[in-house]
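Okay, so here's the structure we're looking at.
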Amino acid sequence: MPDRFDLPAGFRWGAATAAYQIEGAVEEDGRGPSVWDVFAARPGAVRDGHTGAVACDHYHRYPEDIALMKDLGLDGYRFSIAWPRILPTGSGPVNPAGLAFYDRLVDALLDAGIAPLPTLFHWDLPQGLEDHGGWLNRDTAYRFAEYAAVVVDELGDRIPTWITLNEPFVHTVFGYALGTHAPGRTLMFEALPAAHQQLLAHGLAASILHDRGLEAMLSNNLTPVRPASSDPADVAAAAAYDTLHNRLFTDPVLLGRYPDLSTLGVPDDIYGAVHPGDVDLIHAPGLDGLGLNFYNPTRVAAPTEPGPPFTLVDIPDVPHTAFGWPVVPDALRQLLLQLRDSYGKALPPITITENGCSVTEDTVPDQPRIDFMASHLDALAAAVAEGIDIRGYYTWSLIDNYEWAEGYSQRFGLVHVDFATQARTPKASYAWYRDLITAHRARNQV
Ligand code: IFM
């Protein structure tokens with residue numbers, strides 16, 4: 001395959017997963033319950049009552065999965081560490097068996113020549129902390145810092161770069177505002193202290209990483225927001241949604257201040273959650289890299305009924321994924337340019353830490369996924385040509401896995417998983433990605 005994607009020589013090719021979505025073994029080796037174990041057991045919470053109890057059984061099958069990664073030629077693998085494996089109730093005594101699993105995983109990755117890129121929190125909060133309010137309790141940020149120190153002291157000798165949090169927007173809004181994800185709270189805007197507390201946790205953990213000479217990244221799911229029309233009401237609604245989805249999670253980290261939240265009707269101190277000095281704790285450590293998870297742009301109109309000051313509307317006349325998400329690859333390029341315009345010199349190098357699509361009934365032929373990845377890599381190369389510093393691309397996901405409230409119905413993997421037998425079968429996209437990586441290496445002689 002010719003290397004049509006003009007990306008820099010040191011560009012890092014990767015794939016991503018997350019603990020609860022692949023590991024299974026939820027009661028093994030001393031792991032404590034997470035909010036997702038509890039939420040998924042609630043009748044009606046997850047499609048078809050699916051849980052992550054077994055998932056891809058990666059906890060036992062990680063050698064096979066690393067062999068697939070090696071064959072694929074990955075430079076890096078993004079995974080997450082399950083907090084309840086390390087500290088089963090969220091704080092207190094460390095569970096050595098939990099740490100030992102990640103020791104084995106990291107060593108096996110390094111043996112395979114694959115750089116581990118861990119995320120410290122990808123939504124599986126220990127239920128013991130949720131019982132005390134979860135991310136609505138400021139204390140959780142400090143418990144996260146303790147957990148981060150334990151993990152980093154164990155694995156930091158082998159891993160230079162860490163992601164603190166995955167998608168605090170999605171965790172806050174789906175988990176605490178709308179209740180469609182764990183922990184299932186329906187607080188609407190009063191959920192936003194959970195956002196602040198996660199950002200505080202990020203800042204505290206970033207300082208811990210820097211104190212040990214390691215790099216800190218944060219992975220946000222960002223979306224370019226388009227008004228449905230040029231009507232000033234739609235334009236104002238789009239600005240409000242942009243504040244909620246994007247700026248609330250990026251401005252404090254990169255600029256050291258929260259955006260004006262009055263358009264959301266949220267007080268400046270986020271219902272008393274923001275204490276003096278917090279924003280400094282979030283901003284001062286600095287960010288060594290921004291992890292960008294990109295799936296789709298968002299079209300926004302003025303609200304038609306009382307409630308949030310915006311309505312999300314579909315984007316017509318574009319293809320949609322099995323999930324119903326609009327496919328607009330150039331929106332990735334536009335988002336990257338917008339980030340540069342908004343943050344200028346404060347914008348650190350970017351790594352795409354997730355990008356991919358679900359194809360519901362796919363097995364091995366998965367041309368829509370190849371088309372999705374190819375078109376987004378074209379957009380990425382265009383952004384690089386316009387001067388944006390992009391260091392790597394981690395596709396979501398290496399293997400089909402547990403797609404949260406959708407259970408196992410949405411398949412995002414380059415590798416098909418038969419959840420009855422756990423058989424792994426590489427899809428057409430796997431071969432395509434392997435050839436792309438090989439061609440990029442050949443062209444750059446690395
Ligand atoms: O599966 C999720 C992942 O956990 C976080 N980012 C989006 C993916 C697809 O929905």
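Read the numbers this way: they start at 1 and go in the same order the structure lists the ligands and their atoms.
Between F121 and W135, the ring planes are perpendicular. Angles over 60° get that label, and only those under 30° would be called parallel. Relative orientation of the Y258 and H196 rings is tilted, given thresholds of 30° and 60° on the angle between their planes.
Classification of R12 and D75 as a salt-bridged pair fails, no side-chain N sitting under 4.0 Å from a carboxylate O.
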Inset, instruction - Decide side chain to side chain contact (heavy atoms under 4.5 Å, CB included) for F144 and T140; before the verdict, give the C-alpha distance in whole Å, the side-chain angles of both, and the deciding distance to 0.1 Å. - result: CA-CA 6 Å; F144 178 77; T140 298; 5.5 Å; no
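Each side chain to side chain donor-acceptor pair (under 3.5 Å) pair with one or both residues in residues 290-299, not counting sequence neighbours, appears once here: N166-N293, E167-N293, T223-T298, N293-T353, N293-E354, Y295-E354.
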In a simple table, one pair per line, please give the protein and ligand 1 atom names for every N or O pair closer than 3.5 Å, along with the distance.
residue	atom	partner	partner atom	Å
ligand 1	1 (O)	Q21	NE2	2.9
ligand 1	1 (O)	W396	NE1	3.3
ligand 1	1 (O)	E403	OE1	2.6
ligand 1	4 (O)	Q21	OE1	2.7
ligand 1	4 (O)	H122	NE2	2.8
ligand 1	4 (O)	W404	NE1	2.8
ligand 1	6 (N)	E167	OE1	3.3
ligand 1	6 (N)	E167	OE2	2.8
ligand 1	6 (N)	E354	OE1	2.5
ligand 1	10 (O)	E403	OE2	2.7

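Partner of H181 under the ring-ring contact (aromatic ring centres under 6.0 Å, His included) criterion, out of F39, F174, Y176: F174 alone.
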